[in-house]
Every structure is written in C-alpha cells, then in structure tokens.
Amino acid sequence: MSKNIFINGKGFSFEGEKTVLEVARENGIYIPSLCYHEKVGPANKCRVCVVEVDGMKDLQTSCSLAAADGMKVGTTTEKVLEAQRMVVNLLLSNGNHNCLSCEANGDCELQDAAYYLGIERPPFVIEEHKEREDSGAFILRDPEKCIQCGRCIEGCNRLVVNEVLDFGYRGGHTEVVWDNDMPLDDSNCVECGECVQMCPVGALIAKKGMGRARRWETKPVRTTCPYCGVGCQLDLHVKDDQIIRVTGTEGAQPNMGHLCVKGRFGYDFIYSDERLTTPLIRENDGFREASWDEALNLVAGKFTQIIEESGPDAIAGVSCARSINEDSYNMQKLFRSVIGTNNIDHCART
Amino acid sequence: MDTTERGTRIQDLIGKYPQKESAVLPVLQLLQKEGGNYLSKEAMEVAARELGCSASRVYGVATYYSMFNTKPVGKYHLQVDTCVPGFLHGADDIAAHISKKLGIEPGETTKDGLFTLSKVQDLGSCATGPVVQVNDRYFENMTAEKTDQLLEALKNGGWPDNDTAMKVVSKCGILLNDRSRKDCRTLALYKKNGGYQALETALSMKPEAIVAEVKAAEVRGRGGAGFPAGTKWSFLPKDDPRPVYLICNADEGEPGTFKDRQIMEFNPHLLIEGIAISAQALNSAKAFIYIRGEFSWIADILETAIGEANQAGYLKHVDIVVHRGAGSYVCGDETAQIESLEGKRGNPRVKPPFPANSGLYGCPTVVNNVETLSSVPYIINNGAAGFKEIGVANNYGPKIFGVSGHVNQPGIFEYPMGTPLQEILEAAGGVKGNLKGVIVGGLSVPILTAEEAKGLNLDYDSCARAGTALGSGGIMVVNDTVSIPELALRTIEFYEHESCGQCAPCRKGTHTIKSKLRDLVMGRGKSDDIDLVLSLCKNIKGLTLCPTGEAFAAPVQAMVAKFRAEFEALVKR
Amino acid sequence: MTNSFREFENNKLIFCIGTNMTEAHPVASYYVKRAVNKGATLIVADPRKHALADKASIFAQIKVGSDVAFLNGIMNVLITEDLYDKKFVEANCEDFEALKAKVLEYPPERASKIARVPADQIREIARTLAVNRPGALCYTLGITEHTCGKNNVMSTANLQMLLGNLGMEGGGVNPLRGQNNVQGACDMGALPNVFHGYQAVTDPAAREKFAKAWNVPSLPDKPGLMIPDMMAKLPSKEVRAFYIFGENLANTDPNIANVEHELSSAEFLVCNDIFMTETTRFAHVIFPSAAWCEDDGTFASSERRVNRVRKIKEPPGQAKPNWWIFKEIAKRMGHEWRSSSSREIWDKEVSPLAAPYTGIKYARIENDGLQWPCPSEEHPGTTFLHKDGKFTRGKGLFQAIEWTPPAEVEDEEYPFVLSTGRRLFHYHSRTQTGRAGMDQKLSEETADICPKDAARLGIANGEYIQVSSRRGSVRVKARVTDQIPLGMVWMAFHFREANANWLTNNVYDPQTKTAEYKACSCKIEKIA
C-alpha cells in the first residue's frame, strides 16, 4: 500500500518501510548527513540529518525516523538549519579540514554539508594537532580529518567482518583505532580498503591516487576484478588512460561494493615498464624484436609445416584462465577448426 | 597468579553471564588488579583471546572506562575528586596540598613509583568531601592534616581509617536504617525488623497483581527522570518466549548524588528484597545490579548479602549478579548501561526500540533505580494506598535527599516527597554564609538563584514549575563566595570528561564550551564567547542521542543566563 | 558453483572443506562470516587452522588427503543413524545401495583413524548437518589437488545429495574457482573433450554444428591431450609445437625441474603474454598481449555469472588483443574469421552456438552480469542449479568411493607432509601482484610450520631453513604458526625463489590430470 509524507509542504508517496531520509533521497531532496550509510544503516551519531516534524517537540534524525503516512516534515526550517549549522561548525572547529589539498575534495560529505549550509569558514576554532599515520602500504590515515562517524568501523566489523577497527578512548578523545591502537601496518589489518570506501571525508585515503587527480576529473568505468573467481564488480576511476583509484561498485552483484586488497589496490601492473610491447622471436640465446607480420607468418608457417609432417595432434595449446572468454573461445576455435586437433586445455582443475 | 589459575578465574567470571562478552569489564578488572593496578596491552590481548572478541573491541572498552589504567600508575593512585561538590568542599586545596607535598603535578608519578596524583570527576561522596580515593579505597572529609597522615601511613605500608561522618536524618524510616548498629547489614537484623515479609507475600501473589500494586502506588523512578515504575513494567511484551532481564541501576554518578549507596552500603537486604519481588513480578530469572566501579566495597557488601539471602532460600526464583562498572557517568543511562553490561563501550542506544522490547541481549529488559526498587517492599507490605499516604499528589513516597556544598551539616535526609527545600536545608544545619544559588537535582538541572529557591517544595512537579528538576534529589548549595563562571567551568569539565563521544553535538559541544568557559575564567575570553556558549547550549538541547546533551546544556545555559554579569565581568577588555 | 555468493549470508549452515576463503576468496568469506554473525552454523574441515576456522562452531583439523574417508565417515553416520533425506534420495538419486554398502565400510572409528579427528566429532558434524538444512558445501583446491581429486569431488556431491541439499537456495556444492576466468575458459571449450557450452567433441551432431558455423569441412572427433600429457610428450617430440597463452607453467606446475626440462625440449614454443615470465624464456615466438583494461570482453565467475570487462586504455606499444592474434594466425593458415571485436565474438558466435548462453548478450550485461544457464533473452539467469532435484543427467548418481592415500606419504627420510596454496597478498607467480606494490605486504615466501616442530628442531620464527623433497630443495624463511598441524610444512608458489613447486610431486588424478599439489613428503633442516 502506498503511503504519503509531506516534505517541505510537498507530498511524496512511498511503499513499505522507509526512513524519512530514504524517501527524501529518492525524491532528490538533499538532507545533509554524515554518519548514515545505506550499507550499515543509521548510526545516529552525527545528528546532522535532523528534520522538524509536525507534532514532535525535538528535531528528529531523518536517518532513523520511520516515514509514516501523513507525516509532515520540514528539512529547511530555521530550527533545522541552525542545528545543522551548529553541528557542522563544531565538526569544522578542530582538525584540518582544508579542501585545497584534500584528496576527497569534490567527493566529501562534510564539504557538501558545509556548502549547503553556507558555511564559508568555521566561526570558531579550537587548535588541536594529530599526526597522519603513514605505515599502511595502500591506506593513509589522517585523524585530523576524521569526524568519528564510525562508518569505517561498521564496515570493518559488520560488512567485511575483519574486526580490526573500533573506537578507542572517549568523548573528545574518541579515535578510530586499529587493534590495540597500533600503526596500520603492524596491525591485523589486511588493507581491504572497505574503510576507505565507507569514509565520508578525507580521513582514509587510497595512497596510490594521491595528488594525481581531483575527484571530478575522473570518470568511473565499471569492470570485473582480474584476480580470483568471485567476479567482484569494481569501478575504475579513470583520468586519461590512468586508473587513479578503484572502488567496489555499490549495489552490484555479487560483491555489493566490497573488495579485497588485491581487487582494490592491485591494479597498476598494467602500467609496468616491463610490459611486452612488440612481438619477439628467439635468436641465439635471446630474443629479437619482430614485426607482427613476421612473427605471425613464422608461427602460421611452422604450424602448417608440423601439421603436414606429423599431423595436427603434434600441436598442443594451453589457454589462459585469466584472460577474457572471447580469447579462450578463439584459441580453441583455432586449434579445432584451423589446426584440426582437440589438444587444447587450460589449468581448469587447479 | 599463574596462567592456568587466571584462565579458571576468567572462565568463572564468564560463567556468571548469559553471554560471554558481558564479562569484558570483570575480566579487565581482574587483569588490571593482577597487573598491579595497570592494564597492559598484553593483558588486553589475553582478555580478547579468552573472550573471543577482537583486540580493538577490548581496547575500545578499556580506554572508554576511566578506571582502567592503560598507562602505568604508582603503587598508590591518589585520586582527588574536584568535581562540583568536591570543589565546594575545598578539594582543590587538597589536590594542591598533595601536589606540593609530593612534588608532582596531577597526572604525574613520584620518582620512587609510590604515588600517582590524579584529579577525578565525582566519586559519589558529596557530603563527605573532599574525598581522596587511593586505589579502591575512599578517604573522606579530608583536611590538609589528614592528608599528611594518609601519605605517611601509605609510605609505611599502612592504611588509616576513613572518616565517613555526616548528618543522617530519616524522617520516613523506610529506606534508611540505623547505620550506627554494627549488624545493620545482616539478614538477621533485617528479618527481625520485618524484612522479607513482603517477598513472602509477593511470592504468593500473581505477578500481574504485584505489577498492578506498584502501578497503583505511582512510584516515580528515583533515578532522575521520574517516570512511573509500574508503567515501565507494564510495557513488557506479554507472552514473549524470550527471557526477561531486570537491571538495578546502581551506577550513581551524577555529581551531588550519593543516595543509592546509603541503601546499598547499610541496608542491602532492602534492595535485594525489592529486586526479588520485582523479579517475581516481571518473571525475570536473572537480575543484575549495575553498580559504579568506584563503590567496590559496597559491591562486596551486596555480594555478601545476596549470599545470605540465597542461603536463606529467598532467591530461588532469581539469580542476582552484581556487575561492577568501570568509571563512566553515561552508563547511568539505561541503554548505555545495557550496552556496558553486554561488554561494550557505554554508548547509549537510539530509542526505539525501548529496553522493554529489546534491551539486554535483545531481550525484554527493565532498568530501575536502587531507590525505586527499594521502595517496592514497602508498597507490598502497606499497599499502594499506604505508600501514597506519604508525599504529595502525583509525587508519592519517601525520597532520599543528599545535601552537599555550603551548609553547616551536609548529609543524607529521607523525607517525604514534596518537603520544602527550606526544611531540608534546616535539617542540614542551615546555609553556610549567604546563599547564592542552589542546584536541587544533581548537576544536570538548572541552578536556581536564592530568590528562585524561596518557597520551593521538593517534588517533581514543583521543581518543574520552578524551571528546574528534582532529578536525583542531590542538592548542592552554593554561597556567595563562589564564582559562577568557575562553577560553570567545573560543570562542563565533568560532562566533557564523561561524554561518551559517539554523537557530535555532545562530543564537540562539551569540548568547545569548556574551551570557551576556560578562556573566560582565565581572563582571555571575548564577549562573543558568552553568546557562543549560550547558542551552543540552546541548540544542543534536544539534539543529542541521549539525555547527556540536555544534562550539560541546561545547567550551563542557566548559569550563564542567570549570572551573565559575572561572565561579562571576566571578558578581556 | 551450483549456487550463488550472495546466498551465503542468509544460509543456515555452511560447510567449508579444503577452502581457505579469507585469503583465496576474501569477498566470499565476508558473506560466510556475516552468516555466522547472523547465527548460521559454520563447519570447517581443513588441515590448517586458518582464519575461517576461528569463526566455525565445529573445526575438524583433518589430515591432508583424508577427505574421502572423512566424508564417508560422515555419510556412514547419516545412514546408520537414519539422518539422511530419504525423500530426496528416493525421488532424485540412483545407486544409493552402492553408496550405502561402501560408506558402511567407513564407521566413524575407521574414518577417525585416517582423518585423525575424533570419531565423536565426525558424528557431531553428521548430526549438525542433518538438523541444519539446507546447508551449503564450499570447497576449493584442498579438495581437487589430489591424485584422488575427482573422488573427493564426487564425495562432496554424494554428501549433499544424501542430505537433500541440492536444488535450492542455501544449499549446493560450491567449488570456489581460483582464477577470475577459469570458469569461463572451461565454458569456452578450452578443454580437450568439449566445445564451448560443454558440447562433447565426440558428439557427431555437435561437430557438425560447429563445422558449419566455423565453415570447415570437419572437426576432430577424438578428445585431445590434457596439459600434463601434452608436456610429457614434448621431450619425445610427439608434441612438436606448444602454444602457451598467458600461463606461467614454469612456476605454477609441480616439479619445476621437470617442467623446465619439458619446456626446454619443445621444438617450437609460442607464448602470448603481457610480461616476460619464467615460461617465456623457453619460447621461440612471444606475442605481446593486451592486458586487463586494454580490451573489452567478459569473464565468467565461479557462480556462472558472465560479467563485462571494459577497456580504458590502449595496449602498450604494439601489443594486441589475444583474440586478434588467434584470428591472425588462422588467417595466415587460410581461414578468414568474421568477428572483429570481443562483442561480435560473444554476441554472434559464443551466445548463439551454445544454449546456456543464448540469452546472454552484451546489451544485457551492461550492469550486473547474468548467470548461465540463460537460454533466452527473456530469461533472468539461474541463481542455483538442479531446481527440484532435477539433475543434468536426470537422476543424481551416487558413487561408491574408496579412500586412497596420496601418492607420496611421509617416511623416515621425508617425515613431513608438504601442502601448498595461495596467500592473500599475492596471486600465483606474482607477475601482476609483484608489479602492483603487493610486495610491501609480503616480500618473500615462507615455510609455515607448527610451534612444536619448530621447537623440536630448534628453529626460530624467521630463521632460514632448508626444505627438501625427492624433487628438489629450497632455502626459505620459517614462519612458525599454530595454524599448522604437527608434521606439516605449508608453502605457496608466489616467489621464484623458494617456490613450493620445486618440491611438489608431478603425479596426477588419473581422470582430471590435476596434480597433487596438496600432498607430498618433505624434510626440513636447519641451515648451519
């Protein structure tokens, strides 16, 4: 049964159990939020997504408020904006929220909220310095940008169940810790990068992309991971011909945005200087470069000769379990229809 | 302790709980004790292994609770309570005295490794301040001279006696007993005075009938919120297959409050009987007393009393476990307490779901304050009508008030609900000096000026009408020697220390307000800072996940608004 | 896999045998761990106490190579205690009596002696499996890489049929495939006995169909050679030309010394690759290939899902797509192939020529891939196979299977069992991960041994030791870990130095020709 809620005076229908934030987002209404993530649900921590609801005394967090038929919600009342502005100002009041140098610039939920609320600079500042933590091979931690939303922790414990991250300490000292508050590289962290993908700001950063492109300069290209057989879907964030970073494709089968360390960070072998760039033909103890025509003719000629002399079964081939289907298809087609043998296999059982 | 013995003891602790991870706090407490009052990372790893949870989970818990020393401390850890009641009683002087005497600043340890000095927040000994906690022992009513004696005794390996003297008046004689008797805690004496008759009556009643009686008595929750206990009980789902848990909230941690410990320490069987009756009413086979960790000797008293009651066959229907907290004010919130009891950081949960439907381990749960549960035997013995003969309309029964600060005889007073403030202050020997203001319900309620306090009756409704709250009934009296900006700074320091940190307005708000108030008190503040503090307080009220936001925003806002001139006078010109 | 990854999270029971999922298939393991957190029962059987074992409610630390006996023991309990799914067995299976007769020879006590786990644990597992249905069974190479690999696989199928755990969501026999497209390479007919879509080369109708489609008069009707047989025939020149596409056999096949001998005796070796490898050293011609990201195409994952792979850049230099290379060779041997892109190959050849893929077209897999069988363009794909107990051959055939030990077992001279596998931070011979910064996480091979063996031999964690088998010897760092049982050495094959394949035994399952990577005997010595 379809139900209706009114947001800022306008009616919106929705089906089933939904939160006010979900209904608003589905209808393109922006409510700033920082700790909510659809993969882990409401956290109720940031208190930025508050709205005013007719008949309720206090402001309500839209991420956890169930939308009810006939509910009247205001997302832009002065009371709402004042509370939102205060919280964002508080979050900006310490740390280092410098968009100029931040990798997340253009893809930052705190930046979006501040922009929406018209905050040009934090009205009050309380100095506090925290060191960056650079021990990880692929992940940089910048606690000065952390807003303690807890999404990385939820991701680590509830989604990928690696159980390395948690909150440590209390109150204003609350920090995300790796194991016993260890440097990342000494901890049990496997750098799957789920935390990086969950981070709404620039507190957890994929190192490989640092300084190489602004977020708006890259375009996502969906593809399939080249490593194990799970078939994870990933988005390559590409600028020119360069992969700047990789994220799991949210909502995609089968991985729903999750990746492992290899899928997320193991992509740049394609840019290696050691790539083969020309056909090579053996000469003495080494190889010499050759043209495609020469190399292809040599192979075709040799195959033809062996077929004539010894029959097609004197040729055998191994296909590749790493390359695309279409390559394997053409290789077996070559062996069966051109060479005339079924001597085609690959490492099917290992 | 060798590793096998340690393993056995850890397994024993785990065995007390329906779920393994609930034993995180007791296991860490054991390991800290074993480690010479220090909890090393290695010890935390042992705990994580034994409890089958992640290292970060245990570390997160250990660094959340203030009683865990994750950095080494001296053999004697001197902890001076400088929170508001202590401050009013001169605790700063004691801290300064120790500092001078030992040549160390707070947070430091003497070179010989004997002493570490810390300033701590609220030890729940408000009328007997200044108080110094040494490891797990309290030394109350401290003076410079007694401090010297204490240090001397400790150096020589001894422990001096504690001076617990304060005024005790029980007009009602229901909750407080005669503590001057050596056998005041015994089952024998309790029984002689008619104890456990109510339980016997209750065990012959239908559970619904007990609930109905408590509901009819309209006993309002004594933890501070004043929600009717019987109504809370009636929220439990009917015919639910899940076990029901009863938690007695004994995490008395609001500055100015020290009432529950009076029952637990001197009249433990009253509480146990109250729990036993309530468990019968709620069909709960497992009850917990969540007591603040600092009251370790009181926890021992409760365990002894539970042992006695068990042996006498009073607790066949319910297993009562005493669970020691580890230093967190927020754990006084019922959902934070449930989280803590599940072995987690004491972060309050979002409601709904309410504990009645989904509390401890996701099961139906009732959390009631010590004083509330201790009122239950009287209700059963005398009927709801009998209970309602005490107090005033909508505010029935006896109430324990604690009076600290600037009165001549601070102490503990059991009076009927609705008693005039003036009468209690007189019982406490009258105000010392000129009254400037009074905080009547623990530190979380707005201060009343001397003028506003005139003619106030101490019940929920009268206090609400006066723009404050009865809260826990912890009354702090402030005379005109006190600077309100300094008082406001102490107030916010407490909440900044205690904020669980999970929600942004509280975590960052306490920090910012403290910083601004400190600037003002130090004479480097700006006029804007006063407005900023007021605006933060205004917006934080009602915005946080749990009542803690309100608990600091309301009193700070009242102090600034009502005594603004004092703040203005501090602004740097 | 008969079933799908996303199901795992909501499963009631998951039985993992011979699969180190948290390292080899991390994302699949997330779902298994989430299922456990939601209350699912996890049973893990493995010689190593790896990370997933920590999450298991029952962990059976079975002896390497004991799988058949262990599984027969479980089935013995299911049958003798009358716990199996009689309805399913009667309706959907054949040859139950043969299975019963065989597993009755494996009472838990006997299975216990072979698998070296308590008989009562075998009973507990059987009873747990019986009451928590449906349950999914997952395995990886711990099952297949044995001389009895096929028998191991058949045993897992026996068990799931006996439990009635096939043909529904939450059940199934789920081999987690090691490589991104090993499923696809099989599907595409890179096998000696089938065309793509598993159409037998011995079937005249299939041959006729493909001959027509490929415009050739006839196609060979005799199944071809499998890899080990191809290589064995290189020194004798029975096989004169050998074409290796993208595989680094010199590092990844067992008994490297022998592999290299075979490769070096090839009369004419052609390689397609993206890098020089240990294998290309023996080549006569090397073609430079387009890599991942340099060509459009498809991979088929373990769950039979055909997913798109996209091009974002040109290949370096003159490197070319592999399909183009094969097409060009064909052209030079007199065959003009029409398709001139991956998309054309799939949409015009692969899809129409095999029923399972007929409904899969590039246009349909722009976003999520489709799971075959997908016989028409309206078909949503198949998330689990054998619905309602309908098997491909009709009824599910039970196989009576006898346990056989590994080809080489521990003896006085070589008292340890060597078992091998993959580690999280690297992939196979590191041609890719070694060039993607993963050496920062793991920079050299180790020989994993248990603390008791280490103590007995006076070996410290991190100390270099010598590990030797009848085939070779390597110097390698010892890693002392309680994941490993007494008497075992565990190594991977990611690094050329200290590669486990210098030691592994080149013996094979008689039917599948899968090598026994998981078991050979070895010895370890301190280096003075």
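Remember, it's a predicted structure, so these values are computed and weren't measured experimentally. Residue numbers start from 1 in every chain, and the chains themselves are labelled A, B, ... in the order their sequence lines are given, proteins ahead of strands.
Salt bridge C:Lys441/A:Asp185: present, at least one basic N to carboxylate O contact under 4.0 Å. Between A:Asp313 and C:Lys222, at least one side-chain N (NZ, or NE/NH1/NH2) sits under 4.0 Å from a carboxylate O, which counts as a salt bridge.
Interface summary for chain A: among C:Ala330, C:Gly149, C:Gly434, the most heavy-atom pairs under 4.5 angstrom belong to C:Ala330. The choice from C:Gln440, C:Arg281, C:His335 that makes the most heavy-atom pairs within less than 4.5 Å of chain A is C:His335. Between chain C and the residues A:Ser328, A:Ser319, A:Cys192, the most heavy-atom pairs under 4.5 angstrom are made by A:Ser319. In terms of heavy-atom pairs under 4.5 Å with chain C, the best-connected choice from A:Leu296, A:Asp241, A:Ile281 is A:Leu296. The residue among A:Ile315, A:Val160, A:Asp268, A:Thr223 with the most heavy atom pairs within less than 4.5 Å of chain C is A:Val160.
Judged by distance alone, with hydrogens and angles left aside, the side-chain atoms of A:Lys208 form a donor-acceptor pair with the main-chain N or O of C:Ala436 at under 3.5 Å. Of the possible donor and acceptor atoms, none in the side chain of C:Arg308 sits under 3.5 Å from a partner among the backbone N and O of A:Thr224. A donor-acceptor pair under 3.5 Å links the side-chain atoms of C:Arg310 to the main chain of A:Arg222, judged by distance alone. The closest donor-acceptor contact from the side chain of C:Arg435 to the backbone of A:Ile270 lies at 3.5 Å or more, if one exists at all. The main-chain N or O of A:Leu259 is found under 3.5 Å from a side-chain atom of C:Tyr30 such that the two form a donor-acceptor pair. In this structure a side-chain-to-backbone donor-acceptor pair under 3.5 Å is present from A:Asn343 to C:Leu225. With hydrogens and angles ignored, the 3.5 Å screen pairs a side-chain donor or acceptor of C:Tyr31 with a backbone N or O of A:Pro254. For the pair A:Arg282 (side chain) and C:Ile286 (backbone), a donor-acceptor distance under 3.5 Å is absent.
Of the two parts of A:Cys225, only the backbone, made up of N, CA, C and O, holds a non-hydrogen atom closer than 4.5 Å to a non-hydrogen atom of chain C. Interface remark: C:Glu9 contributes no atoms to any contact with chain A (heavy atom separation under 4.5 Å). Heavy atoms of C:Val201 lying under 4.5 Å from chain A belong exclusively to its side chain. For C:Asn37, the part lying under 4.5 angstrom from a heavy atom of chain A is the side chain only. For a residue to count as touching a neighbouring chain, one of its non-hydrogen atoms must lie under 4.5 Å from one of that chain's; by this rule C:Ile325 touches chain A with backbone and side chain alike. Interface residue A:Val190: backbone and side-chain heavy atoms are both found under 4.5 Å from chain C. Residue A:Glu194: no heavy atom, backbone or side chain, is found under 4.5 Å from chain C. Looking at C:Leu176, neither its backbone nor its side chain comes within 4.5 Å of chain A, counting heavy atoms on both sides. With a 4.5 angstrom heavy-atom cutoff, A:Thr304 touches chain C via backbone and side-chain atoms both. Interface residue A:Val238: only side-chain heavy atoms are found under 4.5 Å from chain C. There is no contact between C:Ser4 and chain A, counting heavy-atom distances below 4.5 Å. Contacts of C:Phe242 with chain A are made by both backbone and side-chain atoms, with heavy-atom separations under 4.5 Å. Proximity to chain C is limited to the side chain of A:Gln233, based on heavy atoms less than 4.5 angstrom apart. Of the atoms belonging to C:Val309, heavy atoms from both backbone and side chain fall under 4.5 Å from chain A. For C:Asp296, the part lying under 4.5 angstrom from a heavy atom of chain A is the backbone only.
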Test log, rule side-chain contact (heavy atoms from CB on, under 4.5 Å), inputs C:Lys33 and A:Glu163:
CA-CA 11 Å; C:Lys33 291 186 283 183; A:Glu163 298 174 329; over 6 Å; no
Applying side-chain contact (heavy atoms from CB on, under 4.5 Å) to A:Phe269 and C:Arg430, what does each step give before you reach the verdict?
CA-CA 10 Å; A:Phe269 64 88; C:Arg430 262 173 66 261; over 6 Å; no
Please determine whether side-chain contact (heavy atoms from CB on, under 4.5 Å) holds for the pair A:Val230 and C:Arg177, giving the CA-CA distance in whole Å, both sets of side-chain angles, and the decisive distance to 0.1 Å.
CA-CA 8 Å; A:Val230 174; C:Arg177 310 302 305 258; over 6 Å; no
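Here C:Met333 contributes atom CE and A:Leu334 contributes atom CG; the two are 6.5 Å apart, rounded to the nearest 0.5 Å. Atom-to-atom distance recorded for A:Ser323:OG and C:Asp295:CG is 7.5 Å, nearest 0.5 angstrom. The CD1 atom of C:Ile274 sits 13.0 Å away from atom OG1 of A:Thr277, with the distance rounded to the nearest 0.5 Å. Taking CD of A:Glu326 as the start and CG of C:Asn322 as the end, the distance is 11.5 Å to the nearest 0.5 Å. The CZ atom of A:Arg275 sits 6.0 Å away from the CZ atom of C:Phe275 when rounded to the nearest 0.5 Å. Summarising the geometry, atom CZ belonging to C:Phe326 is positioned 12.5 Å from atom NZ belonging to A:Lys333; distances are rounded to the nearest 0.5 Å.
Two rings, from C:Trp323 and A:Tyr329, have their centers 6.0 Å or more apart.
A:Arg322 pairs with exactly one of C:Glu247, C:Gln179, C:Gln432 by the side chain to side chain donor-acceptor pair (under 3.5 Å) rule, that one being C:Gln432.
In this pair, C:Phe287 and A:Trp292 present their aromatic rings parallel. The plane angle is below 30°, not in the 30 to 60° band.
In this structure, A:Arg336 is not positioned above the aromatic face of C:Phe210 in the sense of NZ or CZ being under 6.0 Å from the six-membered ring centre and within 45° of the axis.
Side-chain contact between A:Glu309 and C:Arg240: present, with at least one pair of heavy atoms (C-beta onward) separated by less than 4.5 Å.
Checked by atom type, the side-chain pair A:Asn342/C:Asn193 shows no donor-acceptor distance below 3.5 Å.
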